Amino acid sequence: MKKIYVIHGPNLNRLGNREPDIYGHLTLEQINQQLQEKATTLGWELDAFQSNHEGKLIDAIHEADTHYDAIILNPGAYTHYSYALRDAVASITVPVIEVHLSNIHARDSFRHHSVIAGVAKGQISGFGSASYELALLAFQQLFALEEIERM
Ligand code: DQA
């Protein structure tokens, strides 16, 4: 059974109230619940964590390395400038998919660049809460390909 860790960065605990025209009306709890249900249908376990603190996110990434098979990471605004978070992702072997609710490439110019993307498996951006579900589906494909390569 695969174990997935979803890590949400700063201000994502404000979802539901925070700029709903950009981020939608679902709360973080509702998004996590949807992901939990999707993971269950795939036969996987899923845990979720949110922090507004860079160091706590780094600790969560380090700890996930030995406990999980995949990480779905929305680094929030840290996406755009946290070299510490980038180094944390680079320091682990578990694959990380970077996700964003909004399309960061269609917003303020400071959001166009991700310092995380270069060390992530890939990036999914702009599909609202479905960005997280698409990351689950991407991991389903990646795991299936790994199986084929092992045969
Ligand atoms: C975000 C995009 C970031 O630019 C922003 O700072 C966030 C949320 C997103 O999910 O669209 O906090 O990561």
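Both ligands and their constituent atoms are indexed starting at 1 by order of listing. Just so it is clear, the model here is predicted, and its values are computed rather than measured.
In terms of protein heavy atoms, atom 4 (O) of ligand 1 is closest to H80 NE2, 2.7 Å. When only non-hydrogen protein atoms are considered, atom 5 (C) of ligand 1 lies nearest to R111 NH1, 3.3 Å. Scanning the protein for heavy atoms near atom 9 (C) of ligand 1, the closest one is L101 N, 3.4 Å. Of all protein heavy atoms, the one lying nearest to atom 11 (O) of ligand 1 is S102 OG, 2.6 Å.
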- Query: Passes side-chain hydrogen bond (donor to acceptor under 3.5 Å, both in side chains), Q34 versus Q30? Steps please.
  - Reply: CA-CA 6 Å; Q34 283 185 354; Q30 288 170 324; over 6 Å; no
- Message: For a side-chain hydrogen bond (donor to acceptor under 3.5 Å, both in side chains) check, start with the C-alpha distance between E98 and S114, then their side-chain angles and the critical distance, and finish with the verdict.
- Response: CA-CA 9 Å; E98 175 189 335; S114 165; 2.9 Å; yes
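The shortest separation from a heavy atom of N11 to ligand 1 is not under 4.0 Å, leaving the residue out of contact. Contact analysis puts Y23 in contact with ligand 1, with a non-hydrogen atom separation below 4.0 angstrom.
For the pair K56 and D59, the salt-bridge criterion is not met [side-chain N within less than 4.0 Å of a carboxylate O].
Applying the 6.0 Å contact sphere to NZ of K121 captures no more than 12 heavy atoms from other residues, nucleotides or ligands.
In this structure, L26 CG and L101 CG are separated by 9.0 Å, a value rounded to the nearest 0.5 Å.
For K2 and F143, the positive end sits near the middle of the six-membered ring, less than 6.0 Å away and at most 45° from its axis.
Aromatic rings of H100 and Y132 (six-membered ring for Trp) have centroids beyond the 6.0 Å cut-off, not under it.
Distances between N or O atoms of N74 and those of ligand 1 include at least one value under 3.5 Å.
Ligand 1 places these atoms under 4.0 Å from at least one heavy atom of I104: 2 (C).
One option in H8, E98, R18, H100 has a heavy atom closer to atom 7 (C) of ligand 1 than any other, and that option is R18.
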